[in-house]
K.L.:
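Got a structure for you, questions after.
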Amino acid sequence: MYELRQNIATREWVIIATGREQRPKELSQGNRLSTAERPAWVAECPFCPGNEDPDLEVVRIPGEGPWQARVIRNKYPALQRDGERKHTLNGIHQRMSAVGYHEVVVESRRHNTSAALQTPAEVTRVLSAIQSRGRTMAKDPRVEHIIYFENHGPRAGATLTHPHAQLTALPVVPYNVRVRSKEARHHFDDTGACVYCRMLTDALQDGGRIVIESDLFTAFVPYAACSPFHIWILPHRHNSSFLKATGEELDDLGEVLHRVLRKLYLGLQDPDYNYIIRSAPVKDVGQGYNHWYVAILPRLSPSTGFELGTGVFINTSRPAESAQFLRSIATDS
């Protein structure tokens, strides 16, 4: 089957080309050392216990005794924390001072773990730390948008194997975020409904693309998934900002995120992936058209020239079949 599908939220097209499909075992990255097979402590790792740089530490969890998680300033930040946000325009040359925040959440003392191998409570602890720091950053008038993400594995851009998430607070709203917000606002203006709520309802009614459904969240493969095993986790409660998620929601999300990533870990043999918490720009919080969610993108194949040149991705797996395969993976939790 070959067809073009459009993501109604982003207006992006995807080619579903299952004539080129690979079986899940062929997509897996099982010819390498898995996370659990690595050592629990590495002398050269800056995140392992005993190697901490106290000058970089922002938050220690718990506050006393041996830490279980830490928030630190990125040693090689993309943005500088101090300074004014200055904007200049000279002809066609536009510049802005790169001020903001770039922090890392060290998720565990153990070097050989990940969200798939941690407990749901440990995953929730990371989410809570990210949210707490995001709330603090959002109070800075220089900050326009905060991105929350994790890179797992070299294909996903991870340069350190010790489990860690990151958050970056920017003095601008990135173009692709503006486009997504614009499309969501257009849909809301045209229909009076949140496009993400409609996509959630459609996934629930379809049933075949559901991976996990909990009391407060649903994990599903989008109708126009851009790659095999691309997954969204949407909160049932309409809410534009991750910063406004409740403690109960974070507990539930920790369970769902753990289970989804564990299914990927067991089913695809610990694939590289990115997960991104997509949330409304700081100054757009409360708008009816945005809806925060978690996107998980396994990095099973590199982007091609066609994809980079057109922005149209090729998915070699039917979304419903990806979901069906993941549903079949027992997580033992």
Side-chain angles (χ1 to χ4, degrees), residues 1-16 134 138 144-148 172-227 229-246 248-249 252-253 256-257 260 275-297 310-315 317-323:
M1 180 183 73
Y2 290 80
E3 67 179 12
L4 279 158
R5 292 185 179 184
Q6 188 181 50
N7 184 317
I8 192 174
T10 65
R11 310 297 292 178
E12 295 171 327
W13 287 96
V14 172
I15 296 176
I16 306 296
E144 294 287 336
H145 187 66
I146 307 173
I147 182 73
Y148 319 85
V172 297
V173 179
Y175 175 74
N176 76 330
V177 176
R178 284 191 182 279
V179 169
R180 287 169 180 267
S181 291
K182 179 181 177 181
E183 293 297 340
R185 185 174 68 249
H186 284 171
H187 188 91
F188 187 83
D189 290 343
D190 291 343
T191 67
C194 165
V195 67
Y196 297 99
C197 289
R198 291 190 67 193
M199 291 175 73
L200 174 60
T201 298
D202 175 75
L204 290 169
Q205 290 176 344
D206 175 90
R209 292 182 284 106
I210 300 295
V211 178
I212 292 172
E213 184 181 356
S214 71
D215 291 339
L216 304 179
F217 290 85
T218 295
F220 64 96
V221 180
Y223 169 77
C226 66
S227 59
F229 302 99
H230 178 195
I231 299 164
W232 284 12
I233 305 176
L234 257 71
H236 297 168
R237 181 173 72 95
H238 177 78
N239 175 16
S240 65
S241 176
F242 169 68
L243 300 182
K244 293 188 175 296
T246 66
E248 183 183 14
E249 286 174 321
D252 197 75
L253 177 59
V256 172
L257 182 58
V260 170
Y275 82 65
I276 304 160
I277 301 175
R278 292 196 176 276
S279 185
V282 170
K283 295 178 175 59
D284 287 350
V285 170
Q287 300 292 341
Y289 51 81
N290 272 320
H291 193 131
W292 76 272
Y293 65 96
V294 181
I296 303 172
L297 295 100
T310 63
V312 177
F313 285 82
I314 300 173
N315 186 349
S317 176
R318 291 184 181 89
E321 291 183 357
S322 292

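Nothing fancy with the numbering, it's 1 onward along the sequence.
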K.L.:
Looking at side-chain heavy atoms only, is the closest gap between V211 and V221 below 4.5 Å?
P.N.:
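V211 vs V221: side chains touch.
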K.L.:
Under a 4.5 Å cut-off applied to non-hydrogen side-chain atoms, are L204 and T218 in contact?
P.N.:
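Yes, close enough: below the 4.5 Å cut-off.
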K.L.:
Can you tell if the side chain of M199 reaches within under 4.5 Å of the side chain of W232, non-hydrogen atoms only?
P.N.:
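A side-chain contact under 4.5 Å exists here.
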K.L.:
Mind listing the closest non-hydrogen atom pair of D284 and S240 along with its distance?
P.N.:
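Nearest pair, atom of D284 first, then S240: O-OG, 4.3 Å.
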K.L.:
Do T310 and W13 have side chains that get closer than 4.5 Å, going by heavy atoms?
P.N.:
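Contact flag for T310/W13 side chains = no.
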K.L.:
Is any side-chain heavy atom of S279 less than 4.5 Å from a side-chain heavy atom of Y148?
P.N.:
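A side-chain contact under 4.5 Å exists here.
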K.L.:
For W292 and A245, work out which heavy atoms get closest and say how close.
P.N.:
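Distance-wise, the nearest heavy atoms are CZ2-CB, 3.8 Å.
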K.L.:
Would you say T191 and R198 make side-chain contact, with heavy atoms under 4.5 Å?
P.N.:
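With C-beta onward as the side chain, the pair touches.
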K.L.:
So, using side-chain contact (heavy atoms from CB on, under 4.5 Å) as the criterion, who are the partners of I276 when residues are at least two apart?
P.N.:
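side-chain contact (heavy atoms from CB on, under 4.5 Å) check on I276 returns I147, F149, R278, L297.
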K.L.:
What is the minimum heavy-atom distance between I16 and P319, and which atoms define it?
P.N.:
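Taking I16 first and P319 second, the nearest heavy atoms are CD1-CD, 4.3 Å.
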K.L.:
Report the residues that fulfil side-chain contact (heavy atoms from CB on, under 4.5 Å) with K182, sequence neighbours left out, ordered by chain and then residue number.
P.N.:
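Listed in chain order: R185, H186.
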K.L.:
Run the side-chain contact (heavy atoms from CB on, under 4.5 Å) test against R237 and tell me which residues pass, sequence neighbours left out.
P.N.:
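Expected list: N239, T246, E249.
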K.L.:
Establish, yes or no, whether the cationic atom of R209 lies under 6.0 Å from the six-membered ring centre of Y223 and within 45° of the ring axis.
P.N.:
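Pair R209/Y223 does not count as cation-pi.
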K.L.:
Once the angle between the rings of Y196 and H291 is folded into 0 to 90°, is it parallel (under 30°), tilted (30 to 60°) or perpendicular (over 60°)?
P.N.:
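Taking H291 first and then Y196, their aromatic rings sit tilted (interplane angle of 30° to 60°).
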K.L.:
Could you tell me which non-hydrogen atom of V177 sits nearest to which non-hydrogen atom of P281, and how far apart they are?
P.N.:
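In terms of heavy atoms, the two residues are closest at CG1-CG, 3.9 Å.
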K.L.:
Step through the shown structure and confirm whether more than 12 heavy atoms of other residues, nucleotides or ligands are within 6.0 Å of CD on Q6.
P.N.:
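Counting other residues, nucleotides and ligands, CD of Q6 exceeds 12 neighbours.
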